[in-house]
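Naming convention: chains lettered A, B, ... in sequence-line order (proteins, then strands); numbering from 1 in each chain.
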Protein chains: 2
Amino acid sequence: MRLTTKGRFAVTAMIDVAMHGEHGPVTLSAVSERQKISLSYLEQLFGKLRRHGLVESVRGPGGGYNLARAAEAVSVADVILAVDEPIDATQCGGLENCLDDHRCMTHELWSGLNAHIFAYLRSVTLAELVRQQESRARGEPVVMRDQRPPSPRSTEPVTA
Amino acid sequence: MRLTTKGRFAVTAMIDVAMHGEHGPVTLSAVSERQKISLSYLEQLFGKLRRHGLVESVRGPGGGYNLARAAEAVSVADVILAVDEPIDATQCGGLENCLDDHRCMTHELWSGLNAHIFAYLRSVTLAELVRQQESRARGEPVVMRDQRPPSPRSTEPVTA
DNA sequence: GTATAGTTGACTAAATCATTCGGGAATAGT
DNA sequence: ACTATTCCCGAATGATTTAGTCAACTATAC
């Protein structure tokens with residue numbers, strides 16, 4: 001589970017398709033213009049999204065892409081996994097054979113943090129992001145649901 | 001807010017320091033051996049961690065690194081931001097001047113998803129990860145606290 | 001047929017990742 | 001003072017990823 005600009009481009013594009021897909025397929029040219037992502041890059045990304053069953057394509061004039069599932073049934077994790085095939089960065093190669101005294105803590109740590117983040121991204125749906133986007137467009141304040149309860153925190157300035 | 005192997009190396013290393021820091025500073029050589037991360041790479045990472053005030057260094061024999069704050073007061077987001085200086089991938093260059101009909105949706109989407117993920121990573125502390133790690137070492141089942149409530153989900157196989 | 005639009009593959013400049021090397025500066029122990 | 005340890009710093013490097021371009025192809029609506 002990596003999280004890069006590539007995955008975010010894909011999420012952005014998927015939201016665009018979700019928001020404009022009511023009147024038939026959405027062309028990549030349209031997404032490209034609205035989101036300012038190069039057409040060819042989008043073609044690469046949507047190739048993967050299609051092969052992973054997240055979108056369906058319609059060829060020819062009037063064609064384009066549709067979501068293959070309802071926006072409620074597509075998570076951010078689904079999209080990211082589709083375009084950003086996961087790497088294995090546990091030195092032990094994913095095996096459990098790396099056992100000195102503490103059995104490859106790196107491996108445990110990775111999969112642990114991975115699981116945390118994955119579970120979170122899996123809980124955020126495209127539909128939610130679309131709703132948030134539409135609220136913002138209307139100038140309404142954005143309500144972020146279920147943040148975890150506050151706990152002792154650092155005092156570093158927040159500059160994400 | 002990016003999430004790559006680099007950031008995870010940093011988190012892994014910080015957890016190692018947190019777990020072994022009870023009896024004085026932890027040397028990077030020790031971290032390097034335990035976590036199988038190259039020493040020079042660790043030096044680069046800890047240079048940034050130090051400049052961001054997350055660790056303190058002690059030179060000379062018996063020296064090494066200590067956490068500058070309690071493990072409870074350091075979030076995963078703090079660590080990642082320190083080593084992985086944030087990029088700006090909103091075509092508009094972070095400005096708000098990109099207003100056609102929908103005022104740079106790319107920008108909004110990015111900062112929105114960013115905020116989600118950042119808020120989550122900010123809520124996970126080093127102390128939590130250390131606890132989880134120690135539980136695992138004792139063979140106890142890992143309890144992951146506060147997942148968000150389940151909602152309509154895809155049926156894709158989970159292979160993060 | 002022709003224009004539209006997806007499909008595929010090769011190729012590329014730039015950035016980032018992870019590592020290696022070489023030399024410094026500070027300090028504890030002798 | 002000498003020496004070993006450890007942090008500190010910058011430069012260089014190969015591999016990978018990013019983001020984009022180009023070109024040729026297939027399917028389809030009109």
Side-chain angles (χ1 to χ4, degrees), chain A residues 1-13 17 20-21 24-33 35-52 54-66 68 80 83-91 106 110, chain B residues 1-13 17 20-21 24-33 35-52 54-66 68 80 83-91 106 110:
Chain A
M1 197 81 223
R2 222 171 348 172
L3 186 54
T4 67
T5 53
K6 187 180 186 178
R8 266 185 261 227
F9 274 135
V11 173
T12 301
V17 170
H20 295 89
V26 181
T27 69
L28 292 191
S29 329
V31 178
S32 173
E33 278 185 24
Q35 305 305 332
K36 303 286 181 290
I37 305 171
S38 96
L39 178 58
S40 298
Y41 198 28
L42 282 175
E43 284 173 349
Q44 288 178 39
L45 297 179
F46 274 77
K48 294 186 179 188
L49 292 171
R50 187 177 59 84
R51 283 188 285 276
H52 279 81
L54 293 181
V55 294
E56 284 167 351
S57 61
V58 180
R59 287 180 161 202
Y65 286 93
N66 286 115
I80 291 177
V83 299
D84 220 35
E85 45 242 50
I87 50 168
D88 165 56
T90 53
Q91 316 296 352
T106 307
W110 265 81
Chain B
M1 199 81 225
R2 221 168 353 169
L3 184 54
T4 65
T5 52
K6 187 179 186 178
R8 268 184 256 227
F9 274 135
V11 173
T12 301
V17 170
H20 295 90
V26 181
T27 69
L28 291 191
S29 331
V31 177
S32 173
E33 278 184 24
Q35 305 304 332
K36 303 285 182 291
I37 305 171
S38 96
L39 179 58
S40 297
Y41 198 29
L42 281 175
E43 283 174 349
Q44 288 178 40
L45 297 180
F46 275 76
K48 294 188 177 186
L49 292 171
R50 186 177 57 84
R51 283 188 286 275
H52 279 80
L54 293 180
V55 295
E56 284 166 353
S57 61
V58 181
R59 286 180 162 201
Y65 286 93
N66 287 115
I80 291 177
V83 299
D84 219 39
E85 48 242 49
I87 51 168
D88 165 58
T90 54
Q91 315 295 353
T106 306
W110 265 80

*Report the nucleotide, chosen from dA19(D), dT16(C), dC8(D), that has the shortest atom-to-atom distance to any side-chain atom of Arg50(B).*
dC8(D)
*Separation of atom CD in Gln35(B) from atom C1' in dA18(C), rounded to whole Å*: 16 Å
*Would you kindly compare Tyr41(A) and Gly62(B) by the position of their nearest DNA chain D nucleotide and give the one closer to the 5′ end?*
Gly62(B)
*Side chains of Leu49(B) and Val83(B): closer than 4.5 Å at any heavy-atom pair?*
yes
*Gap between atoms CD and P, on Glu56(A) and dT7(C) respectively (whole Å)*: 11 Å
_Any base atoms under 4.0 Å from Leu28(A), or only sugar-phosphate, or nothing? Heavy atoms, all strands._
sugar-phosphate
*Calculate the interatomic distance between Lys6(A) atom NZ and dA15(C) atom P; express it in whole Å.*
18 Å
*Ile37(A) side-chain proximity, nearest of dG20(D), dC7(D), dC17(C)*: dG20(D)
*When we call it a touch if two heavy atoms are under 4.0 Å apart, what does Arg51(A) touch: a base, just sugar-phosphate, or nothing?*
sugar-phosphate
*Is there a side-chain contact between Val31(B) and Val17(B) (heavy atoms, below 4.5 Å)?*
yes
*So, is Ser29(B) close to the dT5(D) phosphate, meaning a side-chain N or O under 4.0 Å from OP1 or OP2?*
no
_Under 3.5 Å: donor-acceptor pair, side chain of Ser32(B), backbone of Ile37(B)_ = yes
*How would you list, by chain and number, every residue that makes a side-chain contact (heavy atoms from CB on, under 4.5 Å) with Glu43(B), sequence neighbours excluded?*
Leu28(B), Leu39(B), Ser40(B)
_Let me confirm one number: the CG-OH distance from Leu42(B) to Tyr65(B), rounded to the nearest 0.5 Å._
9.5 Å
*Roughly how many Å is it from CZ in Arg8(A) to P in dT17(D), rounded to a whole number?*
18 Å
*asked:* Can you tell me which nucleotide in dT7(C), dT18(D), dC7(D) comes closest to the side chain of Tyr65(B)?
replied: dC7(D)
*Is the distance from OP1 or OP2 of dT18(D) to the nearest side-chain N or O of Thr4(A) less than 4.0 Å?*
yes
*For Leu45(A) and dG20(D), what is the distance between atoms CG and P respectively, to the nearest whole Å?*
10 Å
*Expressed in angstrom and rounded to an integer, what is the separation of Lys36(B) atom NZ from dA18(C) atom P?*
17 Å
*Just call it for Gly47(A): base, sugar-phosphate, or nothing, with non-hydrogen atoms closer than 4.0 Å on any strand.*
nothing
*Choosing from dA10(C), dC7(D), dT18(D), which nucleotide comes nearest the side chain of Gln44(A)?*
dA10(C)
*Send over the distance from Arg2(A) CZ to dA15(C) C1', rounded to a whole Å.*
14 Å
_All stems with DNA chain D, defined as three or more consecutive Watson-Crick or G-U pairs under 3.5 Å_ = C:1-30 with D:1-30
_Check: Arg2(A) and Thr5(B) side chains under 4.5 Å, non-hydrogen atoms_ = no
*Taking side-chain contact (heavy atoms from CB on, under 4.5 Å) as the test, write out the residues that go with Gln44(A), two or more places apart.*
Tyr41(A)
*asked:* Without decimals, in angstroms, what is the distance between Leu3(A) CG and dC17(C) P?
replied: 13 Å
_How long is the straight-line distance from CG of Asp84(A) back to CZ of Phe9(A), given to the nearest 0.5 Å?_
12.5 Å
_Let's see if you can work this out: which of dC17(C), dG20(D), dG6(C) has an atom nearest to the side-chain heavy atoms of Asp84(B)?_
dC17(C)
*Can you list the residues that meet the salt bridge (Lys or Arg N to Asp or Glu O under 4.0 Å) rule with Lys48(A), with sequence neighbours excluded?*
Glu85(A)
*asked:* Going by side-chain contact (heavy atoms from CB on, under 4.5 Å), name the residues that satisfy it together with Ala30(A), two or more places apart in sequence or in a different chain.
replied: Thr27(A), Arg34(A)
_I need a per-nucleotide contact map over nucleotides 22-27 of chain C, read 5' to 3'. Cutoff is protein heavy atoms under 4.0 Å; write B for the base, S for backbone only, - otherwise._
---BBB
_What I'd like to find out is whether the side chain of Ile80(A) reaches to under 4.5 Å of the side chain of Arg8(A), using heavy atoms alone._
no
*Compare the minimum distances between each of dC7(D), dA19(D), dT21(D) and the side chain of Phe9(A), then state the nucleotide with the smallest one.*
dA19(D)
*Is Val26(B) touching bases, backbone alone, or none of the nucleic acid, heavy atoms closer than 4.0 Å?*
sugar-phosphate
_Return whichever of Gly64(A) or Ser38(B) has its heavy-atom-nearest nucleotide of DNA chain C closer to the 5' end._
Gly64(A)
